[in-house]
Engineer: 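Before I ask anything, let me first share the structure, which is written out below as structure tokens.
Residue indices begin at 1 and follow the sequence shown. None of the values given here were measured: they were computed from a predicted structure.
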Amino acid sequence: MHFNREDQSELLQEARQYVAELKSKDAEEHAGAELDYYLFIMESVSVRGFVAEERQRVQAALDAASEQEKPALQRKLNVLGAFSLYRCHNGEAGCIHPLDIQSATFQHLSNADMAEVIKETEAFITALETEAASDLSPSGAAEVESELASARTYLSIMQRVLNKGSGYLESESSRVGRLLGSSVSDKKKAQLKRKLAILRGF
């Protein structure tokens, strides 16, 4: 789930004001440049794949940079790190923050409310599938596919909690943990880590 255009505009306006205040208090040139770059990313982050492509560009520049140029480029990479889309509240990869908010209280909801959250999650997945079918850059397409895989995992867990009860969360977490400790392929291990990270949010 993403902020709508009105939310993005409001957040960007607040960020510009905040940056202006910080720059007026901090006389260091590099701090002002870093804040300007942060705003630049905020203005561009709604473009699918932008963050991944910008990170590749900055990393390539850093690899070829002189010692004098490296600190500024490293600060840019640090800023980009704050814009990862697939991070939950505890910093684990594979999670989607708005769905973490839903999952945090999911097991305590009534069956009717669970069903409503499931419908909202299904609508979110449908929107992602529509976006995946649109004309995206390679990195943008990969970003959507990754988010889709995560969203479908949330949905699967929600459906099982509704049908089997909250005990499913503990038993499934134990099962996934055991599988992670066994001999599985790297691809399967990444899928299991994603699922375990999402399960921890419930």
Side-chain angles (χ1 to χ4, degrees), residues 1-3 41 45 48-56 58-59 74 77-133 136 138-202:
M1 296 176 185
H2 306 291
F3 291 115
I41 301 301
V45 75
R48 280 290 187 182
F50 171 81
V51 173
E53 290 173 0
E54 179 68 3
R55 186 181 292 114
Q56 290 177 357
V58 174
Q59 184 62 61
Q74 185 59 58
L77 279 182
N78 294 343
V79 170
L80 285 163
F83 285 90
S84 175
L85 289 177
Y86 306 114
R87 297 283 170 183
C88 56
H89 54 80
N90 60 5
E92 293 184 272
C95 298
I96 303 171
H97 182 65
L99 292 182
D100 275 337
I101 294 172
Q102 297 277 33
S103 62
T105 58
F106 186 82
Q107 65 175 305
H108 305 296
L109 299 176
S110 67
N111 284 0
D113 287 340
M114 283 185 184
E116 186 61 32
V117 172
I118 286 172
K119 283 182 181 178
E120 292 174 2
T121 304
E122 288 172 336
F124 173 50
I125 290 172
T126 299
L128 279 178
E129 288 171 340
T130 300
E131 188 173 3
L136 296 169
S139 58
E143 190 175 294
V144 175
E145 287 300 326
S146 180
E147 192 168 358
L148 260 174
S150 288
R152 287 168 178 155
T153 301
Y154 280 95
L155 178 62
S156 174
I157 293 169
M158 289 174 180
Q159 290 170 332
R160 281 167 173 74
V161 171
L162 175 59
N163 294 325
K164 298 183 177 182
S166 59
Y168 166 80
L169 296 170
E170 184 176 352
S171 62
E172 184 65 4
S173 294
S174 297
R175 187 187 74 85
V176 173
R178 289 194 300 272
L179 285 172
L180 273 171
S182 64
S183 179
V184 294
S185 67
D186 289 343
K187 182 178 180 180
K188 184 64 176 179
K189 185 171 289 187
Q191 293 171 347
L192 291 169
K193 284 183 177 179
R194 179 201 299 263
K195 186 167 190 177
L196 191 58
I198 292 171
L199 280 164
R200 286 172 179 157
F202 280 81

Engineer: Got a second to check how far M114's CE is from H108's NE2, nearest 0.5 Å?
Structural biologist: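 With rounding to 0.5 Å, CE (M114) is 9.0 Å from NE2 (H108).
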Engineer: Among residues at least two apart in sequence or on other chains, which ones pass side chain to side chain contact (heavy atoms under 4.5 Å, CB included) with E170?
Structural biologist: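 Partners of E170 under the side chain to side chain contact (heavy atoms under 4.5 Å, CB included) test: none.
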Engineer: Of E129, E122, E147, which is the lone residue that meets salt bridge (Lys or Arg N to Asp or Glu O under 4.0 Å) with R152?
Structural biologist: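 By the salt bridge (Lys or Arg N to Asp or Glu O under 4.0 Å) criterion, R152 pairs with just one of E129, E122, E147: E129.
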Engineer: To the nearest 0.5 Å, how far apart are NZ in K187 and CG in L192?
Structural biologist: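 Separation between the atoms: 12.5 Å.
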Engineer: Taking all atoms of both residues into account, what is the closest heavy-atom pair of S103 and G201, and its distance?
Structural biologist: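 Taking every non-hydrogen atom into account, OG-O, 3.4 Å.
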Engineer: How long is the span from the CD1 atom in I198 to the OG1 atom in T153, to the nearest 0.5 Å?
Structural biologist: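 These two atoms lie 4.5 Å from each other.
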Engineer: Testing I118, V117, L99 one by one against Y154 for a side chain to side chain contact (heavy atoms under 4.5 Å, CB included), which residue passes?
Structural biologist: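 Looking at I118, V117, L99, the match for Y154 under the side chain to side chain contact (heavy atoms under 4.5 Å, CB included) is L99.
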Engineer: What's the spacing between F106 CZ and L169 CG if we round to 0.5 Å?
Structural biologist: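 These two atoms lie 9.0 Å from each other.
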Engineer: How close do A151 and I96 get, counting heavy atoms only, and between which atoms?
Structural biologist: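 What the structure gives for the nearest pair is N-CD1, 3.9 Å.
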Engineer: N163: what forms a side chain to side chain contact (heavy atoms under 4.5 Å, CB included) with it, not counting sequence neighbours?
Structural biologist: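 Testing N163 for side chain to side chain contact (heavy atoms under 4.5 Å, CB included), a comparison that skips the adjacent residues, returns none.
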Engineer: Could you work out, with salt bridge (charged side-chain N to carboxylate O under 4.0 Å, His left out) as the rule, every residue matching R160, not counting sequence neighbours?
Structural biologist: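 Residues passing salt bridge (charged side-chain N to carboxylate O under 4.0 Å, His left out) with R160: none at all.
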Engineer: Show every salt bridge (Lys or Arg N to Asp or Glu O under 4.0 Å) that has at least one partner inside residues 173-186, sequence neighbours left out.
Structural biologist: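 Sorted result for residues 173-186: E172-R175.
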Engineer: Can you name the side chain to side chain contact (heavy atoms under 4.5 Å, CB included) partners of A132, sequence neighbours left out?
Structural biologist: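 Here the qualifying residues are V144, E145, L148.
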Engineer: For the pair R194 and S150, evaluate side chain to side chain donor-acceptor pair (under 3.5 Å) and give the outcome as yes or no after the intermediate values.
Structural biologist: CA-CA 7 Å; R194 179 201 299 263; S150 288; 2.5 Å; yes
Engineer: Testing the basics here: between Q107 and F202, what is the closest heavy-atom pair and its distance to 0.1 Å?
Structural biologist: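 Residues Q107 and F202, closest heavy atoms: NE2-C, 3.9 Å.
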Engineer: To the nearest 0.5 Å, tell me how far T121 OG1 sits from K119 NZ.
Structural biologist: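 Reported value, rounded in 0.5 Å steps: 12.5 Å.
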Engineer: Strictly distance-based, threshold 3.5 Å: is any side-chain N or O of S171 a donor or acceptor partner for the main-chain N or O of Y168?
Structural biologist: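 Side chain of S171 to backbone of Y168: a pair is present.
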Engineer: Who pairs with S110 by side chain to side chain donor-acceptor pair (under 3.5 Å), at least two apart in sequence or on another chain?
Structural biologist: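 Partners of S110 by the side chain to side chain donor-acceptor pair (under 3.5 Å) criterion, ordered by chain and then number, come out as D113.
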Engineer: Say you draw a straight line from CD1 of I157 to OG of S173; how long is it, rounded to the nearest 0.5 Å?
Structural biologist: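 I157 CD1 to S173 OG: 8.0 Å, rounded to 0.5 Å.
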